[in-house]
Trainee: 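For reference, the structure I am asking about is given below.
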Amino acid sequence: MLVILMNTQKPDDIANRIEILRDEIHAHNYRYHVLDAPTISDAEYDRLFQELKNLEAEHPEFQSLDSPTQRVGAAPKKEFPAVAHSIPMLSLDNAFSVDSAKDFDKRIRIRLKTEAFITYACEPKIDGLAVSLVYEQGRLISGVTRGDGVSGEQITENLRTISTIPLKLKPPFPDVLEVRGEVFMPKAGFKALNEKNALLGEKLFVNPRNAAAGSLRQLDSSITAKRPLSFFAYGIARMEGFSQRFSTHSENMQALKKWGFPVCAENRVVEGIEACLTYYEQLQAKREQLPFEIDGVVYKVDNIELQQQLGFVSRAPRWAIAHKFAAEEAFSELLGIEFQVGRTGTLTPVARLKPVFVGGATISNATLHNMDEIQRKDVRVGDTVVVRRAGDVIPEVASVVLEKRPSQTTHIAMPKHCPICHSDVIREKEEAAYRCMGGLFCAAQQKEAILHFSARRAMDIDGLGIKIVDQLVDKKIIQTVADLYTLSVEQLAGLERLGKKSAENLVDALAKSKETTFARFLFSLGIREVGEATAHNLANHFSDLQTLIKADELELQQITDIGPIVAAHIYYFFRQPHNLEVIQGLLKAGIHWQAPQSKSVSNSPLFGATFVLTGTLNALSREEAKEQLIALGAKISEAVSKKTSYVVVGDSPGSKLTKAQSLGVPILDQTQLLALLEHAKQAQSQ
DNA sequence: TTGCCTCGAGATCA
DNA sequence: CTCGAGGCAA
């Protein structure tokens, strides 16, 4: 009946009906998923949903991305594009004890010069994945993972399928809103999912967090749609075009609620750190009963003006801290100790444990760091030990259960000779570390050096993993990184799990790697204390390799961030005949790089970057901005495209801003531009 | 450090 | 079907 009626309707009426249905379904979704208080039966809901689906199918011209029907997932993607966050996603400082939580409060009061109680917003720290959601004109247009904090992966399609994430905001809303929050899988959903998977004979997820992470990484969002994911908003990163301003974090959260976001019901606002600690106790007591997993609580200074006064320390705000619950612990047995030989020959003791499930993962290895650590804890092979996941992830042997010590235990001693190459093991004075003196004659060091050389950030040789390197070195086919370039398809194809095709790919990858940069090459050599940053500094300072090789320690120390120790390492490296031989071999194999062009410009971090300016600039004139950018090697372009590196936004920006946001191009305000210019000039002058 | 996903390719069996 | 590599998150 309904359908027949509709077919006779005019397009305007259909569009209206679709709009009404969408709004109604959005509202029911919100009441059901966020408020947990549905006002219609499931059957009625299904009927509305079906009607909308039918209408959309009959009239594809009215299809829209923010329709609730889109939650079922879109077509599989090839990959997730990388997108820069317009505001970095910072991490939180951790407090692992009541004392360090109190220190946090003390620091704040000293900085703010106040004796008064600080008002804190307290929230559970949900164990999930942080994401950033961008809304324009009230519509969800982008959702991005945290990534390294500066840029993450765009997973908008997957996030759309999460029923508690609003696709449309409830008015009145700001023109632009960027919301930060946590995606997680509720305990009940996790259990149900695993029960279903068990029945189907599919793989089980080990914990809710990993299940959530895995679900978001699906290229096919229709799979994500079937996973019981949920979301809590915990902050506003950006808000533009809104009449109201909020002065506290808790008001922000109220506003988020009004716009339709789920906000955790356990959030509280309290006075003073003691009240925070009480909140912590209370939450810990009901941790088991909570429908989702948490690993601590977060305290945030509620007043936004105070937050701004406090500012940031490197990658974390000074005004917030995560107070973690004590790490879960479990008993295990120390089966043995293995000494791992690193790239520089350092011997690290690693505990082999009877596998034990703790903190959401099965632990069978744990580093013991060094011999001092072993002695302090008096760990012996055969002991029963307490194992936990310290900090966030790294497993550690917390202590020994002396009462359970068997009569037969083996003391742990640093071997006198390298377990791999049998060279002498020597402790350098003033150092905790013991080193194998075998240098590059030690197979372990050879392997590590080769793996480092071929790593992505180094020479980027695809397809050369640990298993292949193991075979190549063990069979004495290669010893040094230079030997890599002598490998032939025939030699490689005989190896385990490496057929003709893989061998060809690897030889291709090797050939491709010959074209590189000076900085990459220097980093690849694996000189002690020379990481990516130092390699760049060296490459910028020295015009060619020969000059660097000849440089003495004093000259090396002239370079930024290179002191006497690093200078000595570099100097020593280039005095080893063996190292020079390897370098000769590499150059002979055809490794080459472009000599830096005009030095001052190519030094600039902005070299080759493309900028687009929009809106009125008042920090400096548009001409000045252009001039400075060009002087730093950047290009200015008029139109925003995928190739644009940054869009600089002044007052009352035009459509370029919207374009930039839809393409995920990083956006700078004037302050950020000034900071970037400053930074670039400094880097250039080095 | 572990767990997860994806891809390409090798191994295995029909 | 299984494995290795590579990327990502906490």
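Per chain, numbering begins at 1; letters A, B, ... match sequence-line order. Atom set for the values below is all heavy atoms of this structure, side chains included, hydrogens, waters and symmetry mates excluded.
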Trainee: When all nucleic acid strands are considered with a 4.0 Å heavy-atom cut-off, which category describes A/A130: base, sugar-phosphate, or nothing?
Mentor: sugar-phosphate
Trainee: Measuring from the side chain of A/N210 (C-beta onward, heavy atoms only), which nucleotide among C/dG7, B/dG3, B/dA9 has the closest atom?
Mentor: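 From the listed options, B/dG3 comes nearest.
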Trainee: Which nucleotide, B/dT2, B/dC4, C/dC8, lies nearest any side-chain atom of A/V206?
Mentor: B/dC4
Trainee: Taking NZ, NE, NH1 and NH2 as the nitrogens, is one of them in A/R217 or A/E153 under 4.0 Å from a carboxylate oxygen of the other?
Mentor: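 Yes, this pair counts.
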Trainee: Base, sugar-phosphate, or nothing: which does A/G128 touch, judged by heavy atoms less than 4.0 Å apart?
Mentor: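 Sugar-phosphate contact only.
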Trainee: Before accepting this row, confirm whether a basic side-chain N of the pair A/K125/A/E182 lies closer than 4.0 Å to the acidic partner's carboxylate O.
Mentor: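 No, no charged N to carboxylate O under 4.0 Å.
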Trainee: Mind checking A/S215 for me? I need base, sugar-phosphate or nothing, with any heavy atom below 4.0 Å counting as a touch.
Mentor: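 Nothing, no nucleic acid heavy atom in range.
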Trainee: Once you apply a heavy-atom cut-off of 4.0 Å, does A/I466 come out as touching a base, just sugar-phosphate, or nothing?
Mentor: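 Answer is sugar-phosphate: A/I466 comes under 4.0 Å of backbone atoms only.
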Trainee: Figure out the CZ/P separation between A/R389 and B/dT2, and round it to whole Å.
Mentor: 9 Å
Trainee: Is a donor on one side and an acceptor on the other found under 3.5 Å between the side chain of A/T346 and the backbone of A/R435?
Mentor: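 Not a single qualifying donor-acceptor pair exists.
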Trainee: So, OP1 or OP2 of B/dG3: does either fall under 4.0 Å of a side-chain N or O from A/T362?
Mentor: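 Result: yes.
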Trainee: Please compare A/I363 and A/G214 by the position of their nearest nucleotide in DNA chain B and report the one closer to 5'.
Mentor: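 By nearest-heavy-atom nucleotide position, the 5'-most residue is A/I363.
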Trainee: To the nearest Å, how far apart are A/K467 NZ and B/dG10 C1'?
Mentor: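 Nearest whole value for this atom pair: 15 Å.
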Trainee: Given B/dC4, C/dA9, B/dT1, identify the nucleotide with an atom nearest to the side chain of A/P395.
Mentor: B/dT1
Trainee: Hey, does A/N207 reach any base, or is it just sugar-phosphate, or nothing, if we go heavy atoms under 4.0 Å?
Mentor: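 The answer is nothing, as A/N207 stays clear of every strand by at least 4.0 Å.
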Trainee: Which whole-number value in Å describes the distance from A/L216 CG to B/dT6 C1'?
Mentor: 15 Å
Trainee: Distance check needed: C/dC3 P versus A/L464 CG, whole Å only.
Mentor: 21 Å
Trainee: With sugar-phosphate meaning primed atoms plus P, OP1 and OP2, does A/T145 contact a base, only sugar-phosphate, or nothing at under 4.0 Å between heavy atoms?
Mentor: sugar-phosphate
Trainee: Please work out if A/A213 contacts a base, only the sugar-phosphate, or nothing of the nucleic acid, heavy-atom cut-off 4.0 Å.
Mentor: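 No contact at all - A/A213 keeps every heavy atom at 4.0 Å or more from the nucleic acid.
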Trainee: Between C/dC3 atom C1' and A/D470 atom CG, what is the distance in whole Å?
Mentor: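 Rounded to the whole Å, the gap is 15 Å.
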Trainee: Are A/K286 and A/E288 within salt-bridge range, i.e. N to O under 4.0 Å?
Mentor: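 Salt bridge: no.
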Trainee: To the nearest angstrom, how far is A/D127 atom CG from C/dA9 atom C1'?
Mentor: 11 Å
Trainee: Would you mind telling me which residue lines up with the more 5' stretch of DNA chain B, A/S502 or A/K203, judged by nearest nucleotide?
Mentor: A/K203
Trainee: Is the phosphate of C/dA5 approached by A/S454 (side-chain N or O, under 4.0 Å from OP1 or OP2)?
Mentor: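 No.
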Trainee: From C/dC3, B/dC5, B/dG3, pick the nucleotide closest to the side chain of A/R497?
Mentor: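 So the nucleotide nearest the side chain must be C/dC3.
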Trainee: Tell me the side-chain hydrogen bond (donor to acceptor under 3.5 Å, both in side chains) pairs involving residues 467-482 of chain A, sequence neighbours left out?
Mentor: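 Pairs touching residues 467-482 of chain A that pass the test: A/K447-A/D470, A/K447-A/D474, A/T480-A/D483.
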Trainee: Within this structure, what is the CD-to-P distance between A/Q154 and C/dC8, rounded to whole angstrom?
Mentor: 15 Å
Trainee: With A/E396, which residues qualify under salt bridge (charged side-chain N to carboxylate O under 4.0 Å, His left out), at least two apart?
Mentor: A/R388
Trainee: So which nucleotide from B/dT2, B/dC5, C/dA9 ends up closest to the side chain of A/R227?
Mentor: B/dC5
Trainee: So if I take every side-chain heavy atom of A/N505 and compare against B/dG8, B/dG3, B/dT6, which nucleotide ends up nearest?
Mentor: B/dG8
Trainee: Tell me: CG of A/L492 to C1' of B/dA9, nearest whole Å?
Mentor: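 Spelled out: CG on A/L492 to C1' on B/dA9 is 15 Å.
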Trainee: Students often get this wrong, so: under 4.0 angstrom with heavy atoms, is A/S91 touching a base, only sugar-phosphate, or nothing?
Mentor: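 The residue A/S91 makes no contact with any strand.
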Trainee: Using side chain to side chain donor-acceptor pair (under 3.5 Å), reason through A/S221 and A/T224 one step at a time and then give a plain yes or no.
Mentor: CA-CA 5 Å; A/S221 58; A/T224 313; 5.9 Å; no
Trainee: For B/dT6, take OP1 and OP2 only and decide whether either is under 4.0 Å from a side-chain N or O of A/Q218.
Mentor: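 For A/Q218, the contact criterion (side-chain N or O under 4.0 Å from OP1 or OP2 of B/dT6) is met.
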